[in-house]
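Note that ligands are numbered from 1 as they come in the structure, with each ligand's atoms numbered from 1 the same way. These figures come from a predicted structure and were not determined experimentally.
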Amino acid sequence: MTATATGDEWWRRAVIYQVYPRSFQDSNGDGIGDLPGLIDRLDYLNDGTPGSLGIDAIWLSPTFPSPMKDFGYDVSDYLGVAAEFGDLETMDRLLAECHSRDIRVLLDYVPNHTSDQHPWFLEARASRDNPKRDWYVWRDAKPDGSRPNNWRSAFGGPAWTFDEATGQYYLHSFLKEQPDLNWRNPGVVQAMHDVLRFWLDRGVDGFRIDVMGMIVKHPELADNPPNPNWVPGGSDRMQHLWVNNRNYPDVFEAVRGIRGVLDEYDARVAVGEVFGSAEEIGKFYGEAALNGLHLAFNFQLIHESEPFNRYTPWDATALRRIIENAEAALPPGAQPCYAIANHDRSRFISRNNHDGRGLERARASVILLMALRGTPFVYYGEEIGMTDVEIPDDQLQDPARFRSFGRDPARTPMQWDTSPGRGFTTGRPWLPFGPETINLESQLQQDDSLFALYRRAIWLRKDQESLYRGVFQHIDLDDDVFAFKREWPGARSILVIINTAIEPRSVVLPEGYGQVLLATRREAEGRPVAGSVVLPGLAGMWVARA
Ligand code: GLC
């Protein structure tokens, strides 16, 4: 199967780095990362030389004023900056400092819900006839006194909370402190479009859009169908199929509206957090990939289906299925967008470490991610191999410890060095640190560290047109080897081979491929190869046509 990327937009070539602002760099000793801290670390991300990581854009998890019940995903003012992170002036400075280094900036747009402390919700809950009442989703109890429907919160429990003062339930797809906005109300649409314009006018290059597929629900809020996989006695009885509150067809009109706002500006990008099958993800790009989101995340390299904590194994058959499905489901002109980690899931190494070989798989994941057709996202700390950190009960922060899966372990502070504050803070960090041995400073001293591999992959990719623009073509070499070619007319063709077995595999190279450009084991790089090559267990490489 072959698919093409078209267009010269910057985001098609970009590698995007996710910064969790709370955990990246603290500048004032309060133990919480902030924007001045991030500014101080920009040269690490890209100083224009291959000594830096080389990423092209950053996505900042929410930076807006917020009671931080869901660490910023509960926004109380879309047009400001949380005091613990900085202020509007710091944000402007961040934008200028990024742009002077050719780093683009994406903010996190949270359209599905606000904080219950947002002035809109305070007004809405003041009385049933408040003009803002309909900006949220209110319903009476059913005649028998029960909740308006059977929808569940993504964090567990019912999606409805009763408001004593006004005698109705309001809908919240997440925490009860995160009431859902009503995108069927034109005032909401207008106000939320103006939020986009406010930041675009300030020079923001785009947005990551939180739970894009949930913002418009079934018009009558019909019950979700029961979980077809439930067997009596199973604990997943309440996991209804989310068809009336997720990826409901009416959501695409809202997507088109958001795209319309971005199209008022030059060279901006919207990347949606969406969940579902490859086909469902494909729909978010719009007709002919022209009136939807520029990019929609495909998270299947993390988890293929729900429950979300059933992780995708590092296995050639799974990789092949996921990538082929993703390629097949996208409209022409659409470009995939993959992440192997983020702030909601276990870190890559920890998910793939059942036999203690997670780090080797992480190295191979770089060979994969940076060579796939698509826009890769790198979650902070993955590049130095940070792992999930066990958090003592009395230090747990994440309110959403849903299905016994708290997200704190994957959100611990960046480990810059071995000092007591790990170079992150002079104070007490908001979450405990991981093992001291995992830190940037030590990796900078090793030629063959995970960080060194990330950096080489990212910089090499910039020079290889076939990698950032070329077609993708899967080839069959061995059941345990995921192999594909990337090609573009006039550019060097690159063959990518990844052995997911723990034993070596010998593969016959297609005609003409002769030079190892990048490899999980650095000593293999630069070597000429011919005919066939033995890939050690869990190894991978990029082989260029000679
Ligand atoms: C998204 C975010 C997650 C947040 C949720 C509610 O899934 O990634 O962190 O808790 O939306 O906003």
Record the part of [X] in heavy-atom contact with ligand 1 below 4.0 Å; permitted values are side chain, backbone, both and neither.
X    : result
F155 : side chain
R208 : side chain
R411 : side chain

With sequence neighbours excluded, residues passing side chain to side chain donor-acceptor pair (under 3.5 Å) with T63: none

Heavy-atom gap F71 to ligand 1 smaller than 4.0 Å: no

Any M212 heavy atom less than 4.0 Å from ligand 1: no

Side-chain donor/acceptor of N439 to backbone N/O of Q415, under 3.5 Å: no

Ring centre gap for F377 and Y338 strictly below 6.0 Å: no

Those atoms of ligand 1 less than 4.0 Å from some heavy atom in H113: 6 (C), 12 (O)

Per-atom contacts of ligand 1 with R407, taking only distances under 4.0 Å to non-hydrogen atoms: 3 (C), 4 (C), 9 (O), 10 (O)

Counting non-hydrogen protein atoms only, what is the nearest one to [atom]? Give residue, atom name and distance.
atom                    : answer
atom 10 (O) of ligand 1 : D70 OD2, 2.6 Å
atom 7 (O) of ligand 1  : E273 OE2, 2.8 Å
atom 5 (C) of ligand 1  : F174 CE2, 3.7 Å
atom 11 (O) of ligand 1 : D210 OD1, 2.9 Å

Salt-bridge criterion met for E9 and R12 (N-O under 4.0 Å): yes

D388 bridged to R347 by N-O distance under 4.0 Å: no

Distance under 6.0 Å and angle within 45° of ring axis: R237 vs W230: yes

Pairs flagged by side-chain hydrogen bond (donor to acceptor under 3.5 Å, both in side chains) wherever residues 75-85 is involved - sequence neighbours left out: R22-E84

Pick from D344, D398, N342: the one approaching atom 8 (O) of ligand 1 most closely through a non-hydrogen atom: D344

Mutual orientation of the aromatic rings belonging to F207 and Y109 [parallel < 30°, tilted 30-60°, perpendicular > 60°]: tilted

